[in-house]
There are 2 protein chains.
Amino acid sequence: MTKDLEEKLAELCKEKGMRLTGPRRTILRVLSASPDHPDAEELHRRVMAVEPGINIATVYRTMNTLAEHGLIERHSFADGRARYEAGGSEHHDHFVNVETDEVVEFRCDEIEILQQKIAREHGFEIVGHRLEIYVRPLSGKAGI
Amino acid sequence: MTKDLEEKLAELCKEKGMRLTGPRRTILRVLSASPDHPDAEELHRRVMAVEPGINIATVYRTMNTLAEHGLIERHSFADGRARYEAGGSEHHDHFVNVETDEVVEFRCDEIEILQQKIAREHGFEIVGHRLEIYVRPLSGKAGI
DNA sequence: ATAATTGCAAACATTTTGCGAACGC
DNA sequence: GCGTTCGCAAAATGTTTGCAATTAT
């Protein structure tokens, strides 16, 4: 599944006319192997572990290019910096466990439908959306 | 009846032990008169129009303090910078018009209820949430 | 060949911080 | 008077960009 994703992204790059350079290939590989939502610095760290010498500016530029072509998603959570996620997976939203900072994906079609409805009622067409639900485990002891 | 929002905020400040300095008063005034969600720079611009000489660092510090004490809300939309909103109003979510950067508030109880439901299904208790729907005007002229 | 992409450093944008002076309580 | 807050300038982040060299097609 993971291996496929890298190839799929590589193919999409070619389709879009993007050149498959060494650094870009490495970035695609790292991205494909990242099930989470790393920011540029973390991504760069992982890329450097695979192939040192790649500049963080290249990471930024590549992420921007990939996002422009719709190959990845660029989130910006509350912390301010941009976080990236390899596209290809289905749309989903996020639970953020405030006690562990863990992110859990979920999907709720009914909510999506309601969004469409209320947007239309306001005279809008949806371009995209972001839903984060900050949570803590149900039964567990209260945090701090 | 409606005690001025500015007065309400001022009182809350005192309650929380925050000093009501000149600059802070001005910032509360501007904030109270801002129905939108200005960022620090815009807020500073408005503050300067009322009383020149207030530094933008003071705006940042004041917004942080107010947010820590729960008197205002600090949003961070996709554009990266922080935007502030005088609290006190009911909970709501946001449409962000991607063509104008304008923010429109909305509220949808059905969505809130679905959130509760799906969170519970995942074994979570909701602490808070954030929903932004990025939109463009429906019918008329296409953007770009 | 030639246009896209890279590394590097410098520029940029936003937000925070150290400090001594000024101020509210 | 004492602790908070201020203005200022400098630092800290996070991200983008100009340019000459390199590389994929």
Side-chain angles (χ1 to χ4, degrees), chain A residues 9-31 37-48 50-69 71-84, chain B residues 7 9-31 37-48 50-69 71-84 101:
Chain A
L9 288 176
E11 263 170 46
L12 281 170
C13 277
K14 290 208 161 182
E15 270 176 38
K16 302 280 185 177
M18 301 173 59
R19 292 186 180 171
L20 262 191
T21 66
R24 193 165 279 172
R25 180 116 229 168
T26 302
I27 291 172
L28 291 185
R29 178 162 310 144
V30 166
L31 210 50
H37 307 69
D39 60 18
E41 201 187 339
E42 173 62 22
L43 212 39
H44 182 229
R45 201 174 297 124
R46 296 179 194 177
V47 164
M48 291 289 274
V50 175
E51 190 197 311
I54 294 178
N55 197 280
I56 195 171
T58 299
V59 172
Y60 275 110
R61 269 189 286 230
T62 303
M63 300 322 277
N64 286 344
T65 307
L66 291 176
E68 275 162 26
H69 288 90
L71 304 204
I72 65 164
E73 273 187 65
R74 181 191 194 166
H75 301 289
S76 87
F77 295 96
D79 58 16
R81 62 213 122 117
R83 289 165 171 273
Y84 307 94
Chain B
E7 279 318 306
L9 288 175
E11 263 172 45
L12 282 170
C13 277
K14 290 207 161 182
E15 271 176 37
K16 303 279 185 177
M18 300 173 59
R19 291 188 179 169
L20 263 191
T21 65
R24 195 165 279 173
R25 243 238 127 81
T26 302
I27 290 172
L28 291 185
R29 178 163 310 144
V30 167
L31 212 48
H37 307 69
D39 61 18
E41 201 187 339
E42 173 62 23
L43 213 39
H44 182 229
R45 203 174 295 124
R46 296 180 192 177
V47 164
M48 291 288 274
V50 175
E51 191 197 310
I54 295 178
N55 196 280
I56 196 171
T58 300
V59 172
Y60 275 110
R61 268 189 286 229
T62 303
M63 300 321 278
N64 285 345
T65 307
L66 291 176
E68 276 161 25
H69 288 89
L71 304 204
I72 65 164
E73 274 186 65
R74 180 193 196 167
H75 301 289
S76 87
F77 297 103
D79 58 16
R81 64 213 117 116
R83 289 162 170 270
Y84 307 94
D101 261 0

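Every chain is numbered from 1 and lettered A, B, ... according to where its sequence line falls, protein lines coming before strand lines. Because the structure is a prediction, the values reported are computed rather than measured.
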Provide, to the nearest angstrom, the distance between the [atom1] atom belonging to [X] and the [atom2] atom belonging to [N].
| X | N | atom1 | atom2 | result |
| --- | --- | --- | --- | --- |
| Ile56(B) | dT15(C) | CD1 | C1' | 9 Å |
| His44(A) | dG14(D) | NE2 | C1' | 14 Å |
| Lys14(B) | dT5(D) | NZ | P | 13 Å |
| Glu42(B) | dT14(C) | CD | P | 13 Å |
| Glu68(A) | dA4(C) | CD | P | 14 Å |
| Arg25(A) | dT23(D) | CZ | C1' | 16 Å |
| Met18(A) | dT5(C) | CE | P | 6 Å |
| His75(B) | dT14(C) | NE2 | C1' | 18 Å |

OP1 or OP2 of [N] under 4.0 Å from side-chain N/O of [X]:
| X | N | answer |
| --- | --- | --- |
| Asn55(B) | dC6(D) | no |
| Tyr60(B) | dT16(C) | no |
| Thr58(A) | dT6(C) | no |
| Asn64(B) | dT16(C) | yes |
| Thr21(A) | dT6(C) | yes |

Contact class for [X] vs. all strands (heavy atom < 4.0 Å): base, sugar-phosphate, or nothing?
| X | result |
| --- | --- |
| Gly53(A) | sugar-phosphate |
| Asp39(B) | nothing |
| Arg74(B) | sugar-phosphate |

5' precedence on DNA chain C between Arg83(B) and Gly17(A) (nearest-nucleotide basis): Gly17(A)

5' priority, DNA chain C, between Arg24(A) and Ala57(A) [closest heavy atom]: Arg24(A)

Out of dG7(C), dT14(C), dC25(C), whichever nucleotide has its closest atom nearest the side chain of Glu41(B): dT14(C)

Please tell me if the side chains of [X] and [Y] come closer than 4.5 Å, counting only heavy atoms from C-beta onward.
| X | Y | answer |
| --- | --- | --- |
| Val47(B) | Thr58(B) | no |
| Leu31(A) | Met63(A) | yes |
| Val59(B) | Ile27(B) | yes |

Lys14(A) and Glu11(A) ion-paired at < 4.0 Å: no

Separation of Arg29(B) CZ from Glu7(B) CD (nearest 0.5 Å): 8.5 Å

Atom CD of Glu41(A): over 12 foreign heavy atoms under 6.0 Å: no

Under 3.5 Å donor-acceptor pair, Arg61(B) side-chain atoms to dG7(D) base atoms: yes

Pair of N/O donor and acceptor under 3.5 Å linking dA3(C) base with Arg19(A) side chain: yes

